[in-house]
Chemist: 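Have a look at the structure that comes next, please.
Because the structure is a prediction, the values reported are computed rather than measured. In the text below, chain A, chain B and the rest are named by the order of the sequence lines, each starting its count at 1.
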Protein chains: 2
Amino acid sequence: MDITESRQLTASLEDYIEAIFWIVSAKGAARARDIAKRLGVKASSVTGALQVLAKKKYVNYAPYEVVTLTSEGLEEAKRIIRMHEVLRDFFVNVLGIKSKIAEEGACKLEHNIPKPIFDRLIEFMEFIETCPRAGKYWTDKFIKQCNLKKARECEKCIEQSIKSFKKERTMTQTSREITLADLMPKEKGVVLKMNRRNSVTKRLADMGVVRGALIEVERVAPLGDPIDVKVKGYHLSLRKEEAVNIIISRG
Amino acid sequence: MDITESRQLTASLEDYIEAIFWIVSAKGAARARDIAKRLGVKASSVTGALQVLAKKKYVNYAPYEVVTLTSEGLEEAKRIIRMHEVLRDFFVNVLGIKSKIAEEGACKLEHNIPKPIFDRLIEFMEFIETCPRAGKYWTDKFIKQCNLKKARECEKCIEQSIKSFKKERTMTQTSREITLADLMPKEKGVVLKMNRRNSVTKRLADMGVVRGALIEVERVAPLGDPIDVKVKGYHLSLRKEEAVNIIISRG
DNA sequence: TGACATTCTTAGCCAATCCTAATAATGTTG
DNA sequence: CAACATTATTAGGATTGGCTAAGAATGTCA
Ligand SMILES: [Mn+2]
Ligand SMILES: [Mn+2]
Ligand SMILES: [Mn+2]
Ligand SMILES: [Mn+2]
């Protein structure tokens with residue numbers, strides 16, 4: 001009925017975009033054969049999918065030539081990969097699932113998750129990481145217990161928990177405020193304050209860099225600029241002058 | 001290639017089975033129109049699905065007659081509904097998602113979850129409910145925080161947590177052992193011991209009634225027999241003489 | 001019982017997504 | 001550059017799962 005080309009993406013097409021993204025990341029461009037291999041389909045199926053994706057303007061494609069993503073395609077790829085990674089991290093870090101099964105499961109489910117559930121899952125994972133009553137030790141406890149098929153020793157856990165609560169409390173009281181630029185790769189912090197209000201902070205706020213959010217440093221360039229961080233499943237790249245305006249507490 | 005009829009079920013067919021189960025539960029038998037309405041498809045699509053399901057032996061079907069599930073169909077229905085309910089309960093009870101979105105999301109995802117992930121999710125939900133460091137108050141805290149978009153007051157939470165840990169510890173020490181038959185509907189307990197080893201306890205063990213498992217009483221018949229319980233997402237019906245052999249601690 | 005309404009099935013269509021087999025384009029190498 | 005290998009596309013087909021439209025079966029009620 002509508003004359004305009006539908007830009008709708010099916011689960012299958014999303015997987016093609018995802019695959020193309022990763023192959024392009026690794027090799028600069030994707031060939032049909034690479035895509036076929038990665039997705040476990042025949043080359044003729046890839047040609048068909050590419051023609052559809054090209055019509056929808058998600059890929060740059062001409063017969064017998066290599067494939068890249070358009071800017072719209074790149075946007076979609078990032079969206080899909082964010083879904084994939086959040087789910088995978090939940091499976092691995094919280095549920096303690098083995099990496100391979102977690103990847104496969106994430107890639108099956110990533111296309112069907114309602115947005116409110118996805119958003120809340122991210123918040124929940126943050127809550128687990130930052131709440132003093134849970135934390136890494138707590139999830140590890142769960143995973144270990146599952147793998148050992150062993151009853152919990154709550155007595156010990158409670159005692160240790162009370163101790164670490166008290167320690168954390170005194171630490172929190174004495175710890176100085178630092179900025180995001182002070183963190184090393186793999187370190188995490190909780191956003192306390194954003195010093196400037198401008199278009200950049202607004203963009204960050206849309207991505208979830210708000211008071212209370214958990215932020216993780218992924219990479220820091222040699223001269224400390226830019227800084228790659230992860231917030232709410234988004235991978236962001238910040239300039240140092242932006243990072244120093246984000247006041248955080250280590251944790 | 002294989003001459004035998006495939007019994008493979010697609011996501012769509014699983015939804016038909018699920019729908020038929022609920023309609024039969026409510027009305028004794030399902031008509032094509034009921035199914036069409038529930039799934040939001042046209043009646044002709046239902047006829048097609050029913051013909052496929054009948055060939056695969058999941059439904060009792062003859063043209064113009066009402067539909068019921070075969071015993072294989074019933075088994076599948078229970079499996080699918082267990083998936084659905086576990087996911088829904090995770091979304092509602094842990095993530096604090098609104099019931100309608102949780103139902104829809106569960107029904108989308110239920111067909112694609114790898115078994116190890118599903119199993120571990122159940123264990124994780126049990127862990128949250130039974131670990132003294134988490135518990136209902138903890139998840140409520142998370143949900144409330146999300147809905148109010150309000151920073152956590154960890155100080156208070158920690159203090160209260162320490163207090164309730166100590167209280168729980170003394171309670172646990174003084175509490176007498178009771179059996180599953182002593183619980184009222186909606187009460188939960190953790191399995192401490194199974195007094196008898198026989199085919200019944202073995203069947204229960206397969207369903208997850210083992211030491212440490214969380215078990216919830218759903219309904220108790222007027223004379224206290226049978227007792228409907230939920231364990232690991234399974235709905236089981238136990239006779240009282242079986243229930244008294246399951247030693248639990250309340251909570 | 002007969003007319004009309006409702007329900008169900010059939011026939012035919014379409015889109016998505018995979019496949020195989022044949023063919024075309026491209027790359028490699030002596 | 002010619003022969004051969006590799007890679008990509010096309011053509012044709014199967015399956016799944018929806019749809020509309022037409023008609024058959026069934027139910028209802030005066
Ligand atoms: Mn994926
Ligand atoms: Mn995927
Ligand atoms: Mn369902
Ligand atoms: Mn479903």
Chemist: How about K78(B): does its NZ atom have over 12 heavy atoms from other parts shown lying under 6.0 Å from it?
Modeler: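 Count not over threshold, so no.
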Chemist: Does the plane of the ring in F124(B) sit parallel, tilted or perpendicular to the ring in F124(A)? Use 30° and 60° as the thresholds.
Modeler: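 Taking F124(A) first and then F124(B), their aromatic rings stand perpendicular (interplane angle over 60°).
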Chemist: Send over the distance from K42(B) NZ to dT7(C) P, rounded to a whole Å.
Modeler: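 Going from NZ in K42(B) over to P in dT7(C) covers 13 Å.
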Chemist: Once you build an axis from the first five pairs and another from the last five of the helix from dT1(C)-dA30(D) to dG30(C)-dC1(D), how far apart in angle are they, to 10 degrees?
Modeler: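 End-to-end axis angle for the helix from dT1(C)-dA30(D) to dG30(C)-dC1(D): 0°, rounded to 10°.
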Chemist: Between atom CZ in R33(B) and atom P in dA5(C), what is the gap in whole Å?
Modeler: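 It is 16 Å, rounded to the nearest whole Å.
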Chemist: Round to the nearest Å and state the distance from I35(A) atom CD1 to dT17(C) atom C1'.
Modeler: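 In whole Å, dT17(C) C1' lies 16 Å from I35(A) CD1.
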Chemist: Checking side-chain hydrogen bond (donor to acceptor under 3.5 Å, both in side chains) between H235(A) and each of R82(A), R219(A), K230(A), E218(A), which is the one that passes?
Modeler: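 Going through the options one by one, the only one that passes is E218(A).
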Chemist: Judged by modelled atom types alone, do D228(B) and S237(B) share a side-chain donor-acceptor pair under 3.5 Å?
Modeler: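 S237(B) and D228(B) do have a side-chain donor-acceptor pair below 3.5 Å.
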Chemist: To the nearest angstrom, how far is I23(A) atom CD1 from dT7(D) atom C1'?
Modeler: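 Atom-to-atom, I23(A) to dT7(D), this comes out as 15 Å.
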Chemist: Anything under 3.5 Å between a protein N or O and an N or O of nucleotides 10-12 of chain D, put it in a table, one pair a line.
Modeler:
from    : atom 1 : to     : atom 2 : distance (Å)
dT10(D) : OP2    : Q51(A) : NE2    : 2.6

Chemist: Expressed as a whole number of angstroms, how long is the span from E65(A):CD to dT26(C):C1'?
Modeler: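 It is 12 Å, rounded to the nearest whole Å.
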Chemist: Tell me: CZ of R31(B) to P of dA5(C), nearest whole Å?
Modeler: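 That distance rounds to 19 Å.
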Chemist: Measure across V24(A) and V67(A) and return the closest heavy-atom pair with its distance rounded to 0.1 Å.
Modeler: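 Minimum heavy-atom separation between V24(A) and V67(A): CG2-O, 3.8 Å.
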Chemist: Using only heavy-atom distances, determine whether the side chains of D15(A) and H111(A) contain a donor-acceptor pair under 3.5 Å.
Modeler: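 Indeed, the side chains of D15(A) and H111(A) share at least one donor-acceptor pair under 3.5 Å.
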Chemist: Rounding to an integer number of Å, can you tell me how far L50(B) CG sits from dG17(D) P?
Modeler: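 L50(B) atom CG is separated from dG17(D) atom P by 13 Å.
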Chemist: Between G40(A) and Y64(A), which residue's closest nucleotide on DNA chain C lies nearer the 5′ terminus?
Modeler: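 Of the two residues, G40(A) wins.
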Chemist: Look at atom CD of E75(A) and say whether more than 12 heavy atoms of other residues, nucleotides or ligands are closer to it than 6.0 Å.
Modeler: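 No - once you tally the heavy atoms of other residues, nucleotides and ligands closer than 6.0 Å, there are 12 at most.
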Chemist: Checking side-chain polar atoms at under 3.5 Å, does T68(B) have a donor or acceptor matched by the opposite partner on N60(B)?
Modeler: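 T68(B) vs N60(B): donor-acceptor pair found between side chains.
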Chemist: Taking only the side-chain heavy atoms of A32(A) (C-beta and beyond), determine which of dC19(D), dT9(D), dG17(D) contains the nearest atom.
Modeler: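 Per side-chain heavy atoms of A32(A), the pick is dT9(D).
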Chemist: Indicate yes or no for a side-chain donor-acceptor contact from R7(A) to the backbone of K56(A) under 3.5 Å, with no hydrogens or angles considered.
Modeler: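 Yes; judged by distance alone, with no hydrogens or angles, the pair exists.
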Chemist: In whole Å, what is the span from the CG atom of D34(A) to the P atom of dA8(D)?
Modeler: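 Taking atom P of dA8(D) as the reference, CG of D34(A) is at 7 Å.
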Chemist: Side-chain N or O of T10(A) less than 4.0 angstrom from OP1 or OP2 on dT17(C)?
Modeler: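 Yes, because at least one side-chain N or O of T10(A) sits under 4.0 Å from OP1 or OP2 of dT17(C).
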